[in-house]
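Okay, structure first, notes after.
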Amino acid sequence: MQRLEGLSKLTGAERYLDDLVIDGCLWGMTVRSPVSRGRIRGLHFDAGFDWSGCVVVDHRDIPGPNETYLIENDQPVLAAEYVRHVHEAVALIAHRDRNMVRRAVAAVRVDVDREPAVLDYRAPLRPEQIQRGDDNLFKKLRINKGDVDAALATAAHVVEGEYETGAQEHVYIENQAMAAWLEGDMLVVLGSMQCPYYVFNALKHALKRDASNLKVVQAPTGGGFGGKEDYPSTIALHAALLALKAKQPVKIVYDRDEDLASTTKRHPAWVRHRTGVDRDGRLVAQDIEVLMDGGAYVTLSPVVLSRGIIHAAGPYSCPNVRTVGRAVLTNSVPYGAFRGFGAPQTQFACERHMDRVALAIGMDPVEFRRINLIRDGQTTATGQVIKDGTDRHAILDRALENAKFTERKHEHEEFNAGHPYLRRGIGIATIFHGAGFTGNGEVYLNSRVEVAGLPDGRIEVLAASTEMGQGTNTVFTKIVADAVGYEAGDIVIATPDTSRVPNSGPTVASRTVMVVGRLIERACEALAQRVQSAPGAPRLRGSALKRAIIDWHARHPSQELRDGATYVPPPGVSFDDKNYIGDAYATFAWGACVASVEVDLRTCATRVLEFTSAQEIGRVLNPTLAKGQVQGGVVQAIGWALMEECKFKDGAMVNNQLTNYIIPTADDVPSIDVLFVENPYPNGGGGAKGVGELPMDGPSPAILNAIAHATGADPCAIPMTPERLMPMMPDATAV
C-alpha cells in the first residue's frame with residue numbers, strides 16, 4: 001500500500017491549522033515570564049498602546065482549577081503569583097490582526113521579584129535548602145535484582161564510568177498550533193496533537209466542562225516525536241480561554257523562535273555505571289545511577305524516568321542489577337516526552353560503557369556483546385523472563401555482515417596509517433525497546449476501538465490514535481484489509497474527534513500498531529460475527545461481508561452498525577509497579593547498529609560515513625513506512641549525537657532559531673541501510689511490535705564508539721561537538 005496522505009503532503013494540498021481560514025478568527029499570543037524564578041508583582045500595560053481591540057486573559061478568567069491536568073497537577077494554566085521558569089505563561093492576548101497581537105504582547109511587562117534559580121540538575125541541595133526542608137525530587141525509582149555488592153566484591157574486573165546526554169529539540173515540521181471556538185454552548189478545540197483525550201481531559205478539568213459541551217478534534221499534524229503529547233494541552237487551554245472570553249474563534253500558532261524557547265525538550269541525563277565482569281567476560285553485576293533534569297514542573301518525568309531505568313542495563317543477561325533513578329526539579333523550561341522516552345539516554349550510557357568495559361578487560365567489543373546478549377529463558381533487570389523466540393545474536397550478525405564490519409575495521413586502520421589528518425573508525429551498539437506502556441499502564445488506559453459498518457458496505461475505523469506523519473492511517477487500513485479481505489478504498493479512517501471516537505489511548509510509546517492495531521482486528525472480528533447469517537457459520541470476508549453489511553442496514557435503516565474491542569492484557573504478563581519486578585513490557589523489539597565515521601583532526605568535526613540498523617519489530621506490515629521510521633530515527637539520533645546542542649543562559653534557550661540550533665541536513669546524512677529480522681508477535685496488530693522509538697536508541701552510542709576507535713579519545717557525553725571533542729584528543733593525534 002502507498003501512504004494514503006502521501007500525495008496531499010507531497011503536493012502541498014494538506015491543510016494544517018495555520019492554513020485554515022476560520023471566519024471571525026482572532027490571533028492569540030502569550031505573555032511570558034522574563035525570569036526563571038520569582039514572585040509576580042503585577043502586569044504593566046504600556047499606556048501608549050491602543051488596547052481597544054484586544055482581549056486579555058489572566059488566571060482570574062479560568063473557570064475551574066488553575067491546573068494543567070496530567071500525571072500531577074502542579075503546573076498552572078497561567079502563573080498567578082509565582083513563576084518557576086523563564087517563558088512561563090502569565091497572560092494571554094488576542095486581536096484580529098496578527099501583527100497587532102505581536103505588538104500588544106511586546107507592550108506588556110511582567111513585574112517579578114527575582115529569586116535565586118536552580119539551573120544545574122546535578123548540583124546537590126545547599127545546606128540552607130536542606131535546613132528549610134526543600135525537596136527538589138520529582139520521582140525516585142529503584143530496580144533490585146540479586147546481590148550487587150557481593151558480586152562486585154568478588155568480580156574479576158570492576159569498571160566504572162560516567163555519561164551525560166543533553167537536551168534535544170523535537171523540530172517537528174509544523175509548530176505548535178491550536179484553535180478554539182463556540183458552536184452554541186459546545187466548545188470546539190481543533191489542533192496539532194498526538195493525544196486528543198489528553199487535551200480533552202485537561203480542558204474538562206480547568207474549564208469545568210464535559211462531553212456534553214466540549215469536543216477536541218485533531219487537525220492534520222506535521223510531526224510530533226513526543227512534543228505534541230503533553231504540550232498541546234497547554235496551548236489548547238490558552239486558545240480556549242481566549243475564545244470563551246472573546247466569544248469569537250481564536251487561533252494560536254507559535255512561530256519557530258517561540259516554539260523552541262518555550263516548549264518541552266528531551267530530558268538531559270547523567271548516568272553512572274559500575275560494572276563487574278568475571279574472567280570469561282561475563283557480566284556479574286551492574287550498579288547504575290540515573291539522574292534526569294525534569295525542569296520546572298513534573299509533566300511526564302516519572303514515566304520517562306521509569307522507562308529510562310528499565311532499559312539502563314541494556315539487552316544483556318546479568319544476575320545482579322541495581323538501578324536507582326531520580327528526576328529532579330530545576331528552574332528550566334519543563335522537559336517532556338521525546339521519541340524513546342528516557343531509553344535513548346540510558347542506552348547511550350550502557351552501550352558506550354560496554355565498549356569501555358571490553359577495552360578495560362582486553363576483549364573485542366563485538367565478542368563481549370555476543371557473550372552477554374540475553375537469550376530466551378534468561379531474565380532482564382526486572383526479572384522478566386525473555387521467551388519471544390527472537391535470535392538476538394542473529395540480529396547482531398546481520399548488522400555486522402551488512403556493514404562489512406571486520407573488513408571496514410581493517411580498511412579504516414589502514415586509511416588512518418596513511419592519512420595526515422583524517423581518522424576513520426567503526427562502532428556498534430545492541431539495543432532493545434519495550435513496546436507499549438510500561439507495567440500495568442495498558443491495563444490502566446483500558447483502551448477501546450470501534451469499527452462501523454457503513455450503509456454502502458464500507459468499514460470505518462473509529463479510534464483516537466493520530467496520524468502525524470508516521471503512517472498510522474495507512475497501516476490501520478492495511479490491518480483492516482487483511483482482517484476482512486477488503487480493498488483499501490473500502491476502508492475509512494475516522495478523524496480523531498472526541499465526540500465520535502472512543503479513547504484508544506495516546507499515540508505514543510510504540511503502541512499504536514501493536515496495541516491499537518490488535519484492537520482493530522478484534523473489533524473487525526466482532527463486526528463480521530454480528531452480520532453473519534447464522535451462529536457458527538464461516539466468518540464472512542470480502543464481498544460477502546460487504547453485502548451482509550448492506551443487507552443489515554436495509555433491515556435496520558435507522559440504526560448504526562458498530563462493534564468494538566477493549567484492551568485485554570496478553571496471558572501470563574504480570575508486573576509489580578511498586579517494586580519494579582516482573583514483566584515490564586508485554587514484549588520487546590530488538591536491534592543492532594553499526595556506524596562508520598570520519599574525524600577531521602584539524603577541526604575535530606565528525607562525519608558519519610555509513611550506517612546500518614538491523615531491527616526485529618515483529619512482522620513488518622509496510623516495509624516502506626517501517627524503513628522510513630528507522631531512517632528518520634537514525635537521522636534524528638545523528639543530530640542528537642553530534643550537533644543538536646541546546647544552549648541556555650539564565651534558564652533561557654539562547655539558540656532558539658534554526659540558524660544556530662543545528663539539525664542534520666541532507667549533506668550530513670550517510671547511506672542508512674535498514675534490515676528487518678521478522679518474528680511475528682501474536683498479540684500485536686498484524687503480528688507487529690512497535691517501530692517508532694527503537695531506531696533512536698542505538699545510533700548515538702554506535703557513533704561515539706566509532707569516534708573512540710578512530711581517534712583513541714574517550715568521549716562519554718553528547719552532543720559530541722568539535723568543541724567538546726578537541727580537548728579530549730590524545731596528543732599523538734593532534735595536528
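- Residue Glu367 qualifies as enclosed at atom CD: its count of foreign heavy atoms under 6.0 Å is above 12.
- With no hydrogens or angles considered, no side-chain donor-acceptor pair links Ser332 and Tyr121 at under 3.5 Å.
- In this structure, a donor-acceptor pair under 3.5 Å is absent between the side chains of Asn416 and Glu413.
- At a cut-off of 3.5 Å, with distance as the only test, a side-chain donor of Asn175 or Arg256 sits close to an acceptor on the other residue.
- No side-chain heavy atom of Val271 sits less than 4.5 Å from a side-chain heavy atom of Gln345.
- Checking Thr330 against Asp293 by side-chain atom types alone, a donor-acceptor pair falls below 3.5 Å.
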Validation: residues 335-343 side-chain donor-acceptor distances under 3.5 Å, sequence neighbours left out:
{"from": "Arg339", "atom 1": "NE", "to": "Gly692", "atom 2": "O", "distance (Å)": "2.7"}
{"from": "Arg339", "atom 1": "NH1", "to": "Gln636", "atom 2": "OE1", "distance (Å)": "2.9"}
{"from": "Arg339", "atom 1": "NH2", "to": "Gln629", "atom 2": "O", "distance (Å)": "3.1"}
{"from": "Arg339", "atom 1": "NH2", "to": "Gly692", "atom 2": "O", "distance (Å)": "3.2"}

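- At most 12 non-hydrogen atoms from other residues, nucleotides or ligands lie less than 6.0 angstrom from NZ of Lys404.
- The salt bridge (Lys or Arg N to Asp or Glu O under 4.0 Å) pairs that include a residue from residues 349-361 are Glu351-Arg369, Arg352-Asp714, Asp355-Arg369, Arg356-Asp714, where partners are two or more places apart or lie in different chains.
- Residues Ser596 and His412 have side chains that bring a donor and an acceptor to within less than 3.5 angstrom of each other.
- Using a 3.5 Å distance cut-off with no hydrogens or angles, the side chains of Asp673 and Asn402 do pair a donor with an acceptor.
- Inter-residue side-chain proximity for Thr379 and Lys145 is flagged as met; some heavy-atom pair is nearer than 4.5 Å.
- Nearest heavy-atom pair across Ser306 and Tyr580 is OG-OH, 2.7 Å.
- Side chains of Tyr163 and His273: no donor on one and acceptor on the other come within 3.5 Å.
- Within the structure, the ring-ring contact (aromatic ring centres under 6.0 Å, His included) test picks out no pair touching residues 612-652 (sequence neighbours left out).
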*Run the salt bridge (Lys or Arg N to Asp or Glu O under 4.0 Å) check on Lys409 and Asp364 step by step: do they pass?*
CA-CA 12 Å; Lys409 189 173 183 180; Asp364 179 77; 3.6 Å; yes
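- Counted by atom type alone, Thr612 and Glu610 present zero donor-acceptor pairs between their side chains at under 3.5 Å.
- In this structure, Pro315 and Leu373 approach most closely via the heavy-atom pair O-CD2, 3.4 Å.
- Judged by a 6.0 Å distance limit and a 45° cone about the ring axis, Arg122 is not positioned over the six-membered ring of Trp270.
- The shortest side-chain heavy-atom distance between Asn622 and Lys627 does not fall under the 4.5 Å cut-off.
- Within the structure, the salt bridge (Lys or Arg N to Asp or Glu O under 4.0 Å) test picks out the following pairs touching residues 314-327 (sequence neighbours left out): Asp149-Arg322, Asp287-Arg322, Glu289-Arg326.
- Few gaps surround CZ on Arg370; more than 12 heavy atoms of other groups in view lie less than 6.0 Å from it.
- A donor-acceptor contact closer than 3.5 angstrom links the side chains of Thr472 and Gln470.
- Residue pairs meeting the salt bridge (Lys or Arg N to Asp or Glu O under 4.0 Å) criterion with at least one member in residues 691-706: none, sequence neighbours excluded.
- Note: Phe588 and Trp590 have tilted aromatic rings, judged against thresholds of 30 and 60 degrees for the angle between ring planes.
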*Pair His311-Phe432, ring-ring contact (aromatic ring centres under 6.0 Å, His included): steps then yes or no*: CA-CA 8 Å; His311 290 80; Phe432 71 143; 4.8 Å; yes
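- By the 4.5 Å heavy-atom criterion applied to side chains, Val290 and Val324 are not counted as neighbours.
- The side-chain tip of Lys228 points at the ring of Tyr172 from less than 6.0 angstrom away and within 45° of straight on.
- Side-chain contact annotation: Thr390 with Glu616, donor-acceptor N/O pair under 3.5 Å present.
- Sorted by first and then second residue, the salt bridge (Lys or Arg N to Asp or Glu O under 4.0 Å) pairs involving residues 307-318 (not counting sequence neighbours) form an empty list.
- Side-chain N/O atoms of Tyr661 and Glu169 include no donor and acceptor closer than 3.5 Å.
- Residues Ile386 and Asp388 are in side-chain contact: their nearest non-hydrogen atoms beyond the backbone lie under 4.5 Å apart.
- Annotation: Gln2, atom CD; neighbour count of heavy atoms from other residues, nucleotides and ligands within 6.0 Å does not exceed 12.
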